[in-house]
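Counting starts at 1 for both ligands and their atoms, in listed order.
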Amino acid sequence: MFAGTKGPGEAEPMDGTNLRVLIVHARWNTSLITPLVEGARKKLQERGVKASNIVTQSVPGSWELPIAVQRLYSASQVQASSAPSGDLLGGLGRSSTPVPGASSSSKGTFDAIIAIGVLIKGDTAHFEHIAESVSRGLMRVQLDFGVPVIFGLLTVLNEEQAKRRAGLTADGHNHGEDWGDAAVEMGAKRKL
Ligand SMILES: O=Nc1c(NC[C@H](O)[C@H](O)[C@H](O)CO)[nH]c(=O)[nH]c1=O
C-alpha cells in the first residue's frame, strides 16, 4: 500500500470469500501487464477470493477492454440466470492470458471487474484517443450494468513510469494490488 498522501488509504477490511471477479487485460506491453495482473490476483486471494472465482481473459490492446468487459459481463448474467451451458466467452475466443493457470472453472455472474491495460505515450495523438475513449467506455459499462469496473488503465508518458507502477523498480509500487483491493471493497459493498 502507498505510504504518504497518495493512494486510496487503508482498504476497509472487506471479505472476498463469496465474490467472483473478472480480470480483463490487454496484451500490449505484456512485460508490464503480467506483474499488474499477478498483483491484482495476489491481492484478491489475500482478501479471500477463491482462485476458482477469478476469471482472467485477455484482449489485443486497451482499446478492446470496454467491449470485452461488456460482453463477458453480459454473458455471465445470461449464464447465471440459465442452466450452465455454452461458452462464457461467446465470440471472444479462448483466453490467451500471459498469466499461467489464470482462468477459472466457476460459473455465474461477477461482483466486480478489473480492466487492465498499459498505454505508453508515443509521438502521435493515438495515446490520447485511446485513453479518453477507453476511460469513457469503462465508466459507461459500469454505470449501464451496475457492476464495479476497476480502472486499471495505466496512461504513462514513458516505460519507466509504467515499470514503477507495475512494481518493477526499487521505488515502485504494484498498482495491480490496489485494483485488487478496490475490486473486493466495491464487490462486497455491492452485495450490502
Ligand atoms: O498504441 N499503443 C497501445 C495500444 N494500441 C493498440 C490498441 O489498443 C488496439 O488494440 C488496436 O488499435 C486495435 O484496435 N494498446 C495498448 O494497450 N497500449 C498501447 O500503448
Side-chain angles (χ1 to χ4, degrees), residues 6-8 21-44 54-76 87-104 110 112-145 147-169 171-183 186:
K6 281 194 72 174
V21 178
L22 169 66
I23 298 174
V24 184
H25 67 83
R27 292 193 300 274
W28 261 70
N29 304 310
T30 294
S31 64
L32 298 163
I33 291 288
T34 298
L36 289 167
V37 172
E38 287 173 345
R41 289 178 59 84
K42 175 174 82 89
K43 186 58 74 169
L44 287 172
I54 302 172
V55 176
T56 305
Q57 294 299 338
S58 72
V59 291
S62 296
W63 180 263
E64 285 75 34
L65 288 172
I67 185 63
V69 166
Q70 185 194 67
R71 285 284 308 279
L72 286 164
Y73 183 71
S74 301
S76 75
D87 179 351
L88 167 61
L89 304 175
L92 285 176
R94 281 275 160 226
S95 162
S96 54
T97 173
V99 180
S103 60
S104 158
F110 296 111
I113 302 168
I114 306 174
I116 297 177
V118 175
L119 278 173
I120 302 176
K121 179 146 179 62
D123 52 8
T124 70
H126 196 219
F127 170 91
E128 283 80 0
H129 291 301
I130 299 178
E132 171 68 14
S133 299
V134 172
S135 304
R136 289 184 182 276
L138 293 175
M139 176 60 76
R140 201 182 102 192
V141 170
Q142 83 170 337
L143 295 179
D144 288 356
F145 287 83
V147 60
V149 176
I150 304 308
F151 186 71
L153 181 67
L154 290 186
T155 52
V156 294
L157 302 182
N158 54 59
E159 192 165 338
E160 186 58 26
Q161 287 183 347
K163 285 180 177 175
R164 190 170 296 118
R165 288 156 181 79
L168 297 178
T169 62
D171 63 342
H173 165 74
N174 188 332
H175 285 226
E177 296 180 12
D178 300 335
W179 303 335
D181 265 336
M186 295 306 290

For this session: Report yes if some N/O of I130 lies less than 3.5 Å from some N/O of ligand 1; otherwise report no.
Result: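 No, there is no polar N/O contact under 3.5 Å.
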Kindly indicate whether the side chain of [X], heavy atoms from C-beta on, has any atom under 4.5 Å from the side chain of [Y].
X    : Y    : value
V134 : L119 : no
E38  : N174 : no
Y73  : V141 : no
L154 : L36  : yes
S62  : L65  : yes

For this session: Tell me, yes or no, whether the heavy-atom count around D123 atom CG, taken from other residues, nucleotides or ligands under 6.0 Å, exceeds 12.
Result: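 Open: at most 12 neighbouring heavy atoms sit under 6.0 Å from CG of D123.
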Exercise. Does NZ belonging to K163 count more than 12 external heavy atoms closer than 6.0 Å?
Worked result: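 Not buried by this count: 12 neighbours or fewer within 6.0 Å.
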Sub-4.0 Å atoms of ligand 1 with respect to non-hydrogen atoms of [X]:
X    : value
V118 : 16 (C), 17 (O), 18 (N), 19 (C), 20 (O)
I120 : 20 (O)
N29  : 18 (N), 19 (C), 20 (O)

Considering only protein heavy atoms, which is closest to [atom], and at what distance to one decimal place?
atom                    : value
atom 2 (N) of ligand 1  : W28 CZ3, 3.2 Å
atom 12 (O) of ligand 1 : H126 NE2, 4.4 Å
atom 17 (O) of ligand 1 : S62 OG, 2.7 Å
atom 9 (C) of ligand 1  : E64 OE1, 3.4 Å

Exercise. Quick one: does ligand 1 sit under 4.0 Å from the side chain of W63, the backbone, both or neither, non-hydrogen atoms only?
Worked result: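 Contact part for W63 vs ligand 1: both backbone and side chain.
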